[in-house]
Structures are given as structure tokens and as C-alpha cells.
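Worksheet for the structure shown next.
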Amino acid sequence: MAGRPAAASERPDHSRELALTAARIADENRGRDIVILDMRQLTSVFDYFVIASGSSVRQLHAISDEIELAVKNSLGDRKLGREGYIEGGWVLIDYGDVVVHLFDDKARDYYGLEDLWGDASRIPFTPELSVRSEE
């Protein structure tokens, strides 16, 4: 499949694991409204979107940097590309099968990915920070 690294096709659950890792790291770095969309029934280009919000450019950079580090160290994957890091307000990290979208509130509303891809099913993800704060 075009755009997908060979290593990912050899590990069928790998893209899901990568998406869950990115969501967990976003949560650990105080990302908000974290959503994982399963795109496999809608497109052959990628498997999952991870969408999260941050409150500032600095926070979006921190979340992005930590996701890249964690994915590289724990899963051995490197990003294929990154967009928006310099511009501010949004960051996209492309891992081939998984695309991570980090937004400030204004950009998230503007792009409306959850609405655009509203037919995608959501992968259950319970943010740990939310669970800890309720205890």
C-alpha cells in the first residue's frame, strides 16, 4: 500500500499501538479532548487519526516532541513528516498509517476533523489524567 512503511504491514496491530501511544503521550502532556479515529473502513491511505488539543504553541510543541520521542524509543518508528510546527496553532505528525493532529482550540474548530470524518468509528481511550483527577 502506498505511503505505508513495510515494517508496519508486518505487524498488524502496530498502527493501533502507535495511535494509542500518541494519545497516551498527549494525555501525559496535558493534551485535551483526545480522540482516536479508526479510518480503516473509510480510506486505504491511513489507519488512524489521533486528534488532541493544547492551550498554547509551547504546549503543542511539547506534546509533539514527546510523541516523536516516545514513538521512536518504544516502537522504533520515526515520523515520515511534520507540518505546522513553525506556523503555530496546529501540528501534524505523519507516521504513514497513523496521523497525529495537534490543535489549539481555534484551529481545531476551523478544521473540524471529527465532523469531516464523522463516519469514522472512535477507538476507546480513557485519559489517565482525567481518571486521576476524579479519584
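Keep in mind that this is a model prediction, so the values were computed, not measured.
Rounded to the nearest 0.5 Å, atoms CG (L102) and CH2 (W90) are 10.5 Å apart. Remark: L18 CG to R16 CZ distance equals 13.0 Å, nearest 0.5 Å. Atoms CG and CD, from D77 and E68 in turn, are 12.0 Å apart once rounded to the nearest 0.5 Å. N73 contributes atom CG, which lies 11.5 Å from atom OG1 of T21 (distance to the nearest 0.5 angstrom). We find the OH-CG distance between Y85 and D65 to be 3.5 Å, quoted to the nearest 0.5 Å. With values rounded to the nearest 0.5 angstrom, R78 atom CZ is found 14.5 Å from I93 atom CD1.
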Could you go through L37 and R122, starting from their C-alpha distance and side-chain angles, then the distance that decides it, and tell me whether this counts as side-chain contact (heavy atoms from CB on, under 4.5 Å)?
CA-CA 5 Å; L37 298 179; R122 292 182 180 216; 3.8 Å; yes
Applying side-chain hydrogen bond (donor to acceptor under 3.5 Å, both in side chains) to D47 and Y95, what does each step give before you reach the verdict?
CA-CA 10 Å; D47 292 344; Y95 286 101; over 6 Å; no
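For A19, the side-chain contact (heavy atoms from CB on, under 4.5 Å) partners two or more places apart in sequence, or in a different chain, are I36, Y48, V50, V98. Looking at residues two or more places apart in sequence or on another chain, you find a side-chain contact (heavy atoms from CB on, under 4.5 Å) between R32 and S53, S55, D105.
The nearest pair of heavy atoms linking A26 to A52 is CB-CB, 4.1 Å. Across A62 and N29, no two heavy atoms sit closer than the pair O-OD1, 4.5 Å. Between V100 and A22 the shortest heavy-atom distance is CG2-CB, 3.8 Å.
Of the possible polar contacts, one joining the Q59 side chain to the R30 backbone as a donor-acceptor pair under 3.5 Å is found. Side-chain N or O atoms of R82 include none that pairs as donor or acceptor with a backbone N or O of S64 at under 3.5 Å.
If you chain together hydrophobic residues whose side chains sit under 4.5 Å apart, L60 and L69 never meet in one group. Cluster membership check: Y111 does not share its hydrophobic cluster with V57, using side-chain heavy-atom separations under 4.5 Å among Ile, Leu, Val, Met, Phe, Trp and Tyr.
Between D38 and R40 a salt bridge is recorded (basic side-chain N to carboxylate O distance below 4.0 Å).
Side-chain contact between L20 and E17 is absent, with no heavy-atom pair separated by less than 4.5 Å. Inter-residue side-chain proximity for H14 and D97 is flagged as unmet; no heavy-atom pair is nearer than 4.5 Å. Side-chain contact between R108 and H101 is absent, with no heavy-atom pair separated by less than 4.5 Å. Residues V99 and M39 have side chains not in contact (no heavy-atom distance under 4.5 Å, counting atoms from C-beta outward).
Note on ring orientation: taking the six-membered ring where Trp is involved, the planes of F49 and W117 are perpendicular (angle over 60°, cut-offs 30° and 60°).
Annotation for E87: atom CD counts as buried by contact number, over 12 foreign heavy atoms lying within 6.0 Å.
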